[in-house]
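Values reported hereafter were calculated over all heavy atoms of this structure, with side chains retained and with hydrogens, waters and symmetry mates removed. Remember, it's 1-based here, ligands and their atoms both numbered in the order they're listed.
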Amino acid sequence: MTDSSANLIRKQILDLVAAYYQQAHASRPFVPGQTRLQYAGRVYDERELVAAVEAVLDFWLTAGPRAEAFEQRLAEYIGLRHALAVNSGSSANLVALAALCSHRLERPLQPGDEVITPAVGFPTTVAPIVQNGLVPVFVDCRLGTYNLDPAQLEPALSDRTRALFFAHTLGNPVEMEPVMEFARTHGLYVIEDTCDALGSTYDDQMVGTFGDLATLSFYPAHHITTGEGGAVVTDDPLLARIARSVRDWGRDCWCNHDSPPEGACGRRFEWEIPGLDEPYDHRYLFVEIGYNLKLTDIQAAIGLAQLDKLPDFIAARKRNFARLYEGLKPYEEFLILPTWSERADPSWFAFPITVRPGAPFTRRDLTIWLERRNIETRLLFAGNIVRQPGYRHIEHRTVGDLPNSDLVLRSTFFVGVYPGLDDVHIAYVLEAFADFFGCAT
Ligand SMILES: Cc1ncc(COP(=O)(O)O)c(C=O)c1O
């Protein structure tokens, strides 16, 4: 087959894929009560499908040219020098934390060192702390923001404290000034779990750019999706190199998809390594205890198409949030509505609500009411993680009794603001709340 006939077939396939999208995927009309209003989901059109099929036709499969382009665009968007694509936000958290344990750092985290982290959040923010032999020290959250309470940092401190690892909960930026001040004063590493907060800013600075490392998730619920997927971002070249190695089997080599046989370093076969007798092939030099957590090129192709839409996605999330906030204000007697720092501009992941203690109904009553009307609800992840069966028995410390985290466990949930929802959907959600309060109060 000639190149031109292959190109012709390729074009026909891609045109058909776009036509297929219109027939098979394009959105269906909203039927109140029958259409399920997801809290989040994939928002895509023929461009993602075409990009994915192009990547399949090229059949690179593993992380290749598209993964590298995706990393570059992510780094540019966040405003940092390095982005490493990985296969989930949880993997990103694992890579970021493991990187801080590297023997190549001057002051690596050591087994038994303590990491301050909020008790409210997603389990895989905490899991890597435990998996790396470190001790989580749980602090309480503030109700309304559901972020770590900066006033709890000082009481959490001990002579083993070495790092802070926290999420910007549901896209709501942590009060970064006191947190970074605390970290600087005590020489602590900071990892920002930015999985829910792509595009959020604090003092006009993108979250994810304050700490030593930050993480992103591209699971479909998040601001952009690659199906499964995530990234680690950092401005520090050494941390980037270590994180890359941790992601890529522990190897030292940083060759990319089109590196020449003599390697990106230009001297692949001439590395003099103490303890290895002769010049060594750098591709097979292992300097970290690594994993393989890379993204595929097909996922990256979808991510590149999604990045083009990110500004519109963020605007839609903010618009939906604002409409819900206005519409739910009349029920503040019974519901704690979200709050955020006046220095923050959140790129919301979702709309959190806490049923106030003493309300004449429970969270369960309200979420069942909404779900029966086909409005999806979700709990604020693990609630108070110390109470989850998988985490009850881990070595840890807490600051006080974590009363707010317990309230979150009992009484907080969220509804969606994702770009798949429009004004008609939000009006339907608000009507369901109005009916509930008409009956329940
Ligand atoms: C704050 C936070 N961190 C980490 C993760 C894990 O991301 P993933 O589902 O891509 O593993 C999530 C998932 O939603 C999350 O919300």
Heavy-atom donor-acceptor pair, Arg363 side chain to Thr412 backbone, under 3.5 Å: yes

Only counting residues at least two apart or in another chain, list the ones meeting side chain to side chain contact (heavy atoms under 4.5 Å, CB included) with Ser88. Ser90, Ser91

As a test of reading the model: which residues have a non-hydrogen atom less than 4.0 Å away from ligand 1? Ser88, Gly89, Ser90, Asn93, Phe122, Thr124, Thr125, Ala167, Asp193, Cys195, Asp196, Ser217, Tyr219, His222, Gly229, Phe381

Sequence neighbours left out, what pairs pass salt bridge (charged side-chain N to carboxylate O under 4.0 Å, His left out) with at least one residue falling in residues 389-403? Glu114-Arg397

Taking the six-membered ring for Trp and the single ring otherwise, decide whether the centroids of Phe349 and His168 are under 6.0 Å apart. no

For the residue pair Phe138 and Tyr391, is the inter-centroid distance of their aromatic rings smaller than 6.0 Å? no

Set of residues satisfying side chain to side chain contact (heavy atoms under 4.5 Å, CB included) with respect to Asp212, sequence neighbours excluded: Tyr189, Val190, Leu239

